[in-house]
A.B. asks: 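Attaching a single structure in structure tokens format; questions to follow.
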Amino acid sequence: MTGTTAMSARGAVLVLNAGSSSLKYQLLQPDTEEVQADGVAERIGESESSITHEQDGEESTEVLALPDHHAAIERAMRFFADHGTDLTTAGLLAVGHRVVHGGRTFYRPTLIDPEVISEISRISTLAPLHNPANLIGIDAARSLLPDVPSVAVFDTAFFHSLPDAAATYAIDRGVADLHAIRRYGFHGTSHEYVSQQVAEFLDRPVDLHQIVLHLGNGASASAIAGGSPIDTSMGMTPLEGLVMGTRSGDIDPGIVLHLNRVARLGVDQIDTLLNKQSGLKGLCGENDFRSITEKMAAGDAGARRAYDIYIHRLRRYIGAYMIELGRVDAITFTAGVGENAASVRADALAGLENYGIVIDAERNAVRAKHARRISADDSDVDVLVVPTNEELAIARQAADVVAAL
Ligand code: ADP
């Protein structure tokens with residue numbers, strides 16, 4: 001991390017990922033991949049917020065009141081200044097914003113102007129938990145860094161070209177069209193980045209049939225043929241699909257009706273139940289895989305059951321995508337759980353030797369930060385672990401948009 005000197009070489013990109021009460025940021029060079037600084041502000045809007053900034057090998061944490069995202073970015077800018085980086089004069093190439101939902105409108109990284117802002121705001125009804133927070137981040141960055149172009153990179157974009165049969169829900173067409181109800185998919189920046197890394201790692205740029213399993217706190221699977229997604233597990237919202245940290249993933253939609261009619265829960269209560277109090281957390285009280293693994297080791301039956309349900313759902317999706325793809329060349333694990341939890345990888349693919357999938361236990365047990373193969377030499381399917389890097393992908397896409405201006 002070298003502050004202003006390295007930045008003058010080409011111009012770095014500031015990547016912002018604004019959540020409802022958090023802001024993650026990273027300053028990086030899209031070409032050299034050098035991360036010059038990163039940080040996270042948490043509990044924004046509460047009386048005791050905190051911000052952690054890392055630059056030049058130094059980590060500083062401060063507990064203070066950050067009433068809004070504007071205040072968080074301002075505080076981050078002062079941290080940058082303490083390290084000799086004045087973001088207003090540093091020649092930043094762009095600010096790249098992660099925006100969760102692009103709706104039917106946005107499927108490419110997009111230069112932000114007032115019209116784009118109002119369209120992102122209009123489609124916020126599709127992602128009421130995420131897009132408004134992303135917009136607050138955009139607004140704060142534009143007012144604090146008015147001379148730096150802002151680019152929105154959408155989490156749904158990669159899945160824009162999903163085949164119609166995979167993207168369409170079997171509900172009344174009139175209602176679906178009127179309310180933009182279709183399967184959009186999320187974590188697209190990660191699925192695209194990781195699948196490209198896999199193609200490079202295997203030196204097989206075309207016609208690769210692969211399954212990518214992004215297992216973080218949120219989790220999603222995708223089936224990708226020749227670089228194009230043919231299916232993905234998240235749907236109109238990030239609630240569909242795999243069992244996640246706090247989200248239920250697939251449930252019978254009739255449960256929502258039952259909760260409303262019989263349990264008398266209102267729509268916001270059901271929203272909170274399914275998004276924040278379900279998944280692993282709802283099943284065993286923990287959403288962090290490290291705690292679940294520890295509890296299982298101590299004989300906790302609830303943690304074991306939650307784990308089994310998580311693995312069951314994961315295997316169901318892997319099986320479905322193997323059939324959809326017809327032929328699978330690679331299965332890749334990524335994100336916090338996928339990159340770190342060796343037992344999840346082993347259990348997700350256990351007993352599939354007849355399908356040409358054989359994990360090598362020793363390779364699977366290695367902890368590393370780089371892309372690696374964990375399948376046995378006699379496995380027909382390559383099983384890989386590839387770290388995701390959404391910030392780098394956003395920085396590259398933002399830099400490309402600005403370069404084309
Ligand atoms: P997100 O970006 O969705 O918030 P991450 O991709 O950072 O999530 O993944 C976070 C999750 O990864 C944590 O909740 C935890 O369950 C899991 N995780 C992180 N490190 C480990 C580890 N060493 N072993 C097992 N699970 C881990």
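All values below were derived from every heavy atom in this structure, side-chain atoms included, with hydrogens, water molecules and symmetry-related copies excluded. For ligands, and for the atoms within them, numbers begin at 1 and follow the listed sequence.
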A.B. asks: Should you measure from each heavy atom of Asn340, which atoms of ligand 1 turn up under 4.0 Å away?
C.D. replies: 19 (C), 20 (N), 21 (C), 22 (C), 23 (N), 24 (N)
A.B. asks: What atoms in ligand 1 come closer than 4.0 Å to a heavy atom of Ala335?
C.D. replies: 6 (O)
A.B. asks: Does ligand 1 come near enough to Gly336 that some N or O of the ligand is less than 3.5 Å from an N or O of the residue?
C.D. replies: yes
A.B. asks: Could you check atom 2 (O) of ligand 1 against the protein and tell me its nearest heavy-atom contact, residue, atom and distance included?
C.D. replies: Lys24 NZ, 4.7 Å
A.B. asks: Would Arg108 and Phe106 count as a cation-pi pair here, with the cationic atom under 6.0 angstrom from the ring centre and within 45° of the axis?
C.D. replies: no
A.B. asks: Does the pair Arg363/Asp377 count as a salt bridge with the N-to-O cut at 4.0 Å?
C.D. replies: yes
A.B. asks: Any non-hydrogen atom of Gly218 lying under 4.0 Å from ligand 1?
C.D. replies: yes
A.B. asks: Under 4.0 Å, heavy atoms only, figure out whether ligand 1 is touched by the backbone of Glu294, its side chain, both or neither.
C.D. replies: neither
A.B. asks: Can a salt bridge be assigned to the pair Arg327 and Asp207 using a cut-off of 4.0 Å between side-chain N and carboxylate O?
C.D. replies: yes
A.B. asks: Apply side chain to side chain donor-acceptor pair (under 3.5 Å) to the pair Thr388 and Ser190, showing each step before the final yes or no.
C.D. replies: CA-CA 6 Å; Thr388 191; Ser190 177; 2.7 Å; yes
A.B. asks: Please step through side chain to side chain donor-acceptor pair (under 3.5 Å) for the pair Ser343 and Asp347, ending with a clear verdict.
C.D. replies: CA-CA 6 Å; Ser343 69; Asp347 292 334; 4.8 Å; no
A.B. asks: Mark up the atoms of ligand 1 that fall under 4.0 Å of a heavy atom belonging to Val337, in ascending order.
C.D. replies: 12 (O), 16 (O), 17 (C)
A.B. asks: Please report whether atom 20 (N) of ligand 1 has a protein non-hydrogen atom at a separation of less than 4.0 Å.
C.D. replies: yes
A.B. asks: Tell me whether Arg367 reaches ligand 1 (any heavy atom closer than 4.0 angstrom to a ligand atom).
C.D. replies: yes
A.B. asks: Counting both backbone and side chain atoms, is some N or O of Phe289 under 3.5 Å from an N or O of ligand 1?
C.D. replies: yes
A.B. asks: Heavy-atom count around Glu362 CD within 6.0 Å, excluding the residue itself: above 12?
C.D. replies: no
A.B. asks: In terms of side-chain geometry, is the basic nitrogen of Glu240 or Arg183 positioned less than 4.0 Å from the acidic oxygen of its partner?
C.D. replies: yes
A.B. asks: Can you report which non-hydrogen protein atom sits closest to atom 25 (C) of ligand 1, along with the distance?
C.D. replies: Arg290 CG, 3.8 Å
A.B. asks: Select the closest option to atom 8 (O) of ligand 1 among Asn217, Val344, Thr334, Asp288, judged by heavy-atom distance.
C.D. replies: Asn217
A.B. asks: For the residue pair Ser220 / His187, report whether a side-chain donor-acceptor contact shorter than 3.5 Å exists.
C.D. replies: yes
